[in-house]
Protein chains: 2
Amino acid sequence: MESGKRATIHDVARQSGVSAATVSKILNGVTTVKQPNVDRVMAAIEDLGYRADPVASELRQGQRRLIAAIVPELNNPFFGALISGIEDAAETAGYKVIFGTSRESEEREIDVIQRMHDWRVSGAILVPVQSERGRGAALLADLGITSVLLDRVSASSAFDTVTADNFRASADVAQYLAEQGHRHILLHCATATSEAVRMRVEGFTSFMRRLDAGIRIDVLLNDINEQDKRGVLGQHWDRYSTLDTPTAVFALSQHSTLVVLSELRRRKITVSGQVALVGFDDADWMQTTWPSITAVAQPVEIMAKQAIAALLTRLANDGKGYPIQHLERCVLNIRESTHSNDAGRIGRRNLDQPRTQIRGE
Amino acid sequence: MESGKRATIHDVARQSGVSAATVSKILNGVTTVKQPNVDRVMAAIEDLGYRADPVASELRQGQRRLIAAIVPELNNPFFGALISGIEDAAETAGYKVIFGTSRESEEREIDVIQRMHDWRVSGAILVPVQSERGRGAALLADLGITSVLLDRVSASSAFDTVTADNFRASADVAQYLAEQGHRHILLHCATATSEAVRMRVEGFTSFMRRLDAGIRIDVLLNDINEQDKRGVLGQHWDRYSTLDTPTAVFALSQHSTLVVLSELRRRKITVSGQVALVGFDDADWMQTTWPSITAVAQPVEIMAKQAIAALLTRLANDGKGYPIQHLERCVLNIRESTHSNDAGRIGRRNLDQPRTQIRGE
DNA sequence: GAAAAAAGATAAATCGGTTTACTTTATTTG
DNA sequence: CAAATAAAGTAAACCGATTTATCTTTTTTC
């Protein structure tokens, strides 16, 4: 039965002795069809293993249940989880996701967007290579594709956006570290500074300044695409005298966490014993390594759902209305790397307010 | 110009004063069109920003340039990279990839495959939840979808398959560790045993037995879905007396590497100093942590390319011909975790033979 | 029981391309 | 120069669904 071609709606119509229009009606839930006909059609469908071809269906309907999702790369589990969540949420809403990777190149980004546009996607979700002012976002606007920008964007823009609340998460870390009695903290980021990293620094320092101006905060960012990141951190560390060494390090990215961790280990500085460590962007390995590492977890799943929800809402409103910025609440997973030698606490910190929605300009 | 509807081939035809058929011919490289007409059509295309709608095009052509790719999950960077590579290779061949995640559930797997089939994909690449004997593979065969099975399959099957050469990679590790003078090695895997893990154990032990029967190999696998993996390893370790402790551990999965690493650290056993560690499935963090970890890297990129290549070949042959099993060569990235205290070697080990192709039954 | 209204079914048009079969125009051949 | 051949172009059919407009049948109303 599966030899060669698949059954079409006309095959079903013929076999059940009705017209194709009637079959279509039955399949689309039109109720003005007599029961005996419904029965015969259903039987034929079953018999032939018929399933409607979405390509033909969507061509006629003039509307494509297709959403484009574009991320910089998929080797990164964060984006992987994002795409996965997007697929899941879209599927529930009856949409199919077609994805693309920009590979951190704006050239490729616009190329991918063009191809998505060829498919007449009804909407797009973009994690821009650069930011909401990059070429990808501009092209989406040009082409008039209703879109949601994700993750690498600052709060104000012409688009709906969904990002982690980097500012607030960092403030939470500040509060937590202050509570733990730390008076000298190093903020470190080994990757090129992005809007997200800026917000993280900002959130941490501004909160801390208000809380206790006496707490010393050092900030070490490798803006440039520095090769030997461990080296840069090492050099910086060398400048501390034995007494004014920071008692805590807040690593502002996953990669940075790794860099800090390895440099501390190389120097035989015990994490948690001599220096507390908090990472941004939680990962599997952080809970399995020893000591396990306290880290801010981004709500990937929620961000994905929110992105789809925002897109569908906008689609329903025909793209009209004010852009909305969604800031999703992060969670601080407290683990061994911030246990002072005496303490044995372990837990999870999450202010219970729901995510914030800020109405844009 | 981008207000509302997009230009169709008929708009182009009208604007350039020719028929739609002529426009179609020009776009599809038919040469029997006069230059002046070509020029006018190209101008109109440019002017209207026309791009053919693949949905309409593929409907008429009866052939979809669509490939289904199904992986268990995307949070895992290995599968992320795989999908990414598949997309890249498919794109080069003029195919669009639609993907899905089975989330380790066979229910979902068959559901996803059904939906892909609805789209009349011309072929599928599947990383099965279970194996080539699972429900997904069976359904693909039933539906008559030409497919390639990837990664979680044993060498013999009715499908074209692409896997890492786990057997040989492990043999390489065996050889390397023997060369380093290790006489007692622990093989550890913390995840449920799969075909891949079996091949890794097999490859290691069979090679070692041939090389030197006097070398002691302990194998510790948690077949069951054990919660406290570190605990199981710890208990096992406790049974060693001070003198018969293994001098090297070969962790058979990425996760296992992490488990071993953290348990050794907890016991203050220095990696590389007291015990050498080799991991299977390389990851970013392994080269940044200290000491950096020697690991077998799977050739994800190559596997992805190979999968697409195999699929396209089979598609070209109309699905006919013997199934071919592709075993892709892994690379052992040698790092600090296997440096004996005296040595300072660092390097990369890769026998220079090309990947093996074994003709199936 | 005839006319009007409602219900049920369908032929044909449509979506945006490609392809076939045919016509028109240009070129070559005898 | 007419006939044959080749080149260039197009109208119409088609892919597989949905939708519109129309037609047929059944039910209701007077």
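Sequence lines set the chain letters: A, B, ... in the order given, protein chains first and strands last, and positions in each chain run from 1.
Sorted by first and then second residue, the pairs that involve residues 62-72 of chain A and meet salt bridge (Lys or Arg N to Asp or Glu O under 4.0 Å), not counting sequence neighbours, are Arg64(A)-Asp53(B). Residue pairs that meet the side chain to side chain donor-acceptor pair (under 3.5 Å) test with at least one member in residues 66-81 of chain A, sequence neighbours left out, do not exist here. Screening residues 34-44 of chain A for salt bridge (Lys or Arg N to Asp or Glu O under 4.0 Å) gives no qualifying pairs among residues at least two apart or on separate chains.
Residues passing the salt bridge (charged side-chain N to carboxylate O under 4.0 Å, His left out) test with Arg103(A) are Glu87(B), Asp88(B), sequence neighbours excluded. With sequence neighbours excluded, the residues forming a side chain to side chain donor-acceptor pair (under 3.5 Å) with Asp160(A) are Arg314(A), listed by chain and number. A search for salt bridge (charged side-chain N to carboxylate O under 4.0 Å, His left out) contacts involving Arg115(A) returns Asp111(A), Glu91(B), not counting sequence neighbours. Here Arg135(A) pairs with Glu107(A) under the side chain to side chain donor-acceptor pair (under 3.5 Å) rule; sequence neighbours left out. Residues satisfying the side chain to side chain donor-acceptor pair (under 3.5 Å) test with Asn28(A), not counting sequence neighbours, are Ser24(A). Applying the side chain to side chain donor-acceptor pair (under 3.5 Å) test to Thr22(A) and every residue at least two apart in sequence or in another chain returns Ser19(A).
Contact check, Thr22(A) against dT10(C): a side-chain N or O comes under 4.0 Å of OP1 or OP2.
As rounded to whole Å, 13 Å separates atom C1' of dA7(C) from atom CG of Asn37(A). Distance, Gln35(B) CD to dA8(D) P: 11 Å, rounded to whole Å. Rounded to an integer number of Å, the gap from CG of Leu27(B) to P of dG16(C) is 16 Å. In this structure, the CG atom of Asp11(B) is 9 Å from the P atom of dG16(C), given to the nearest Å.
Here the side chain of Ser19(B) is nearest to one of dT19(D), dT10(D), dA8(D), namely dT10(D).
Between the side chains of Ser154(A) and Glu132(A), at least one donor N or O lies within less than 3.5 Å of an accepting N or O.
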Give me, pair by pair, the N or O atoms of the protein and of nucleotides 13-17 of chain D that are less than 3.5 Å apart, along with how far apart they are.
| residue | atom | partner | partner atom | Å |
| --- | --- | --- | --- | --- |
| dC14(D) | O2 | Arg60(B) | NH1 | 2.9 |
| dC15(D) | O2 | Arg60(B) | N | 3.3 |
| dG16(D) | N2 | Ala56(A) | O | 3.3 |
| dA17(D) | OP1 | Tyr50(A) | OH | 3.1 |
| dA17(D) | OP1 | Asp53(A) | N | 2.8 |
| dA17(D) | OP2 | Ile9(A) | N | 2.5 |
| dA17(D) | O5' | Tyr50(A) | OH | 3.1 |

Taking N or O atoms only and anything under 3.5 Å, show me the protein contacts with nucleotides 21-25 of chain C, one pair per line.
none

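No donor-acceptor distance shorter than 3.5 angstrom exists from the side chain of Ser102(B) to the backbone of Ser105(B), with no hydrogens or angles considered.
Across its full length, the helix from dG1(C)-dC30(D) to dG30(C)-dC1(D) shows an angle of 50° between the axes of its 5 terminal pairs at either end, rounded to 10 degrees.
Residue-level contact check: Val18(B) touches the backbone only, with heavy atoms under 4.0 Å from sugar-phosphate atoms and none from bases.
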